[in-house]
Amino acid sequence: MTQPAFPIHDPVASPQCGSDLSAAEVAVLEGEIRALAKEKDAVILAHNYQLPEVQRIADHVGDSLGLAVIGKQVPQRTILFCGVHFMAESAKILAPDKRVLLPNLSAGCSLADSITAESLEDWKARYPDHAVVTYVNSTAEVKALSDICCTSANAASVVRSLPQKKILFTPDKNLGKWVAAKVPQKEVVVYDGCCPIHDVLRAANVNRVKAAKPEAVIIAHPECRADVVEIADEVCSTTAMLSAVERHPQARTFIVATEHGIVYQLKKKFPQKEFIVADGCIGCRMHCPYMKMIDLVMVRDALKRGKHEIEVPADVAEGARRALERMIAVPRDA
Ligand code: CIZ
């Protein structure tokens with residue numbers, strides 16, 4: 001039986017998300033936002049998964065930790081964070097004297113919410129001699145109960161750097177299993193959380209896209225399941241995906257296994273290359289609704305009205321900052 005032709009959508013040519021604003025309305029809003037940012041002494045930070053129109057207006061686009069560090073370093077007194085709640089919290093934790101605004105308070109994260117402070121306390125009681133390594137995609141309360149944080153870019157280095165042999169890795173099970181395989185000298189117990197956007201993808205989905213584009217290079221985020229990571233040519237964080245493309249100068253097509261918002265940055269940096277979301281159907285599986293909850297009207301209103309200000313209780317912020325700063329001190333290739 002012949003396979004039906006597999007439809008591959010181009011997310012940049014025909015984005016299936018974003019606001020219904022006309023080009024003229026977008027231009028007016030962009031002008032208002034730039035003027036307000038100046039007037040309010042604000043820097044606009046946008047995560048790689050945000051809507052293209054939001055990435056376009058931002059002063060800096062990147063991953064959650066990179067943006068939080070930039071927020072601390074820049075001179076502006078207000079950080080307008082276009083991302084999800086835990087990201088704005090991290091920015092506040094690293095820059096406690098600045099005002100941090102999140103335009104839409106409903107922008108949460110299923111992965112961060114898969115572990116609470118109470119459930120981590122229960123796990124710590126079950127594994128009392130384990131060091132707790134927590135992915136930055138977690139709430140401030142959970143970070144505060146952890147020995148050290150990690151990102152997807154430095155998770156293996158962080159685990160390797162610890163004196164303890166026994167590790168409790170939270171909350172992402174896929175990232176935890178990937179790290180455990182990379183650092184076999186450690187005993188890693190992995191918490192049962194995941195990002196549903198990455199976890200839904202199967203190697204079978206990716207192979208279908210690959211069958212239509214056999215020459216393509218597969219780049220996967222380590223939040224993907226092991227069967228996807230196994231068939232990937234590159235496994236890396238969103239920011240590292242931008243440099244991963246440079247390692248394949250001959251390749252024209254890349255299959256990207258992460259939330260589709262990153263394609264905007266990839267396409268901007270490499271306009272001559274083709275990027276296909278690994279599910280082959282942009283807006284179907286690899287679409288995070290929370291990451292698309294901020295639009296230009298919200299950005300403008302957040303600046304105008306100073307909302308929604310993110311606060312982290314001092315004791316929680318202190319513990320979370322300790323875990324983040326310990327991570328920042330770990331050399332990349334430890
Ligand atoms: O932490 C981040 O920024 C996320 C969600 C992904 C990544 O690897 O950049």
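Remember, it's 1-based here, ligands and their atoms both numbered in the order they're listed. Just so we're clear, the structure is a prediction, and the values are computed from it rather than from any experiment.
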Would you call Glu246 and Lys269 a salt bridge, taking side-chain N to carboxylate O under 4.0 Å as the test? yes
Check: Tyr49 N/O within less than 3.5 Å of ligand 1 N/O: no
Atoms in ligand 1 flagged as close to Ser152, the criterion being non-hydrogen separation under 4.0 Å: 8 (O)
Would you call Glu234-Arg247 a salt bridge at under 4.0 Å N-O? yes
N/O separation below 3.5 Å, Thr238 to ligand 1: yes
Looking at Arg34 and Glu32, would you say the former's side chain and the latter's main chain have a donor-acceptor pair under 3.5 Å? no
List every atom of ligand 1 that sits less than 4.0 Å from any heavy atom of Ser237, numbering the atoms from 1 in the order shown and giving each element. 8 (O)
Residue-level breakdown please: for Asn137 versus ligand 1, do any non-hydrogen atoms fall below 4.0 Å on the side chain, on the backbone, on both, or on neither? side chain
Among non-hydrogen protein atoms, atom 4 (C) of ligand 1 lies closest to His47 NE2, 3.5 Å
Could you tell me whether Asp199 and Arg225 make a salt bridge, using a distance below 4.0 angstrom between a side-chain N and a carboxylate O? yes
Can you give the donor-acceptor pairs under 3.5 Å from side chains of residues 182-197 to other protein atoms, not counting sequence neighbours?
from: Lys186; atom 1: NZ; to: Leu162; atom 2: O; distance (Å): 2.5
from: Lys186; atom 1: NZ; to: Gln164; atom 2: O; distance (Å): 2.8
from: Tyr191; atom 1: OH; to: Ser114; atom 2: O; distance (Å): 3.2

Can you list the atoms of ligand 1 that are under 4.0 Å from a heavy atom of His221? 6 (C), 7 (C), 8 (O)
Is there a donor-acceptor pair under 3.5 Å between the side chain of Gln55 and the backbone N or O of Gly261? yes
For Ser64, counting its heavy atoms only, list the atoms of ligand 1 lying under 4.0 Å from any of them. 1 (O), 2 (C), 3 (O)
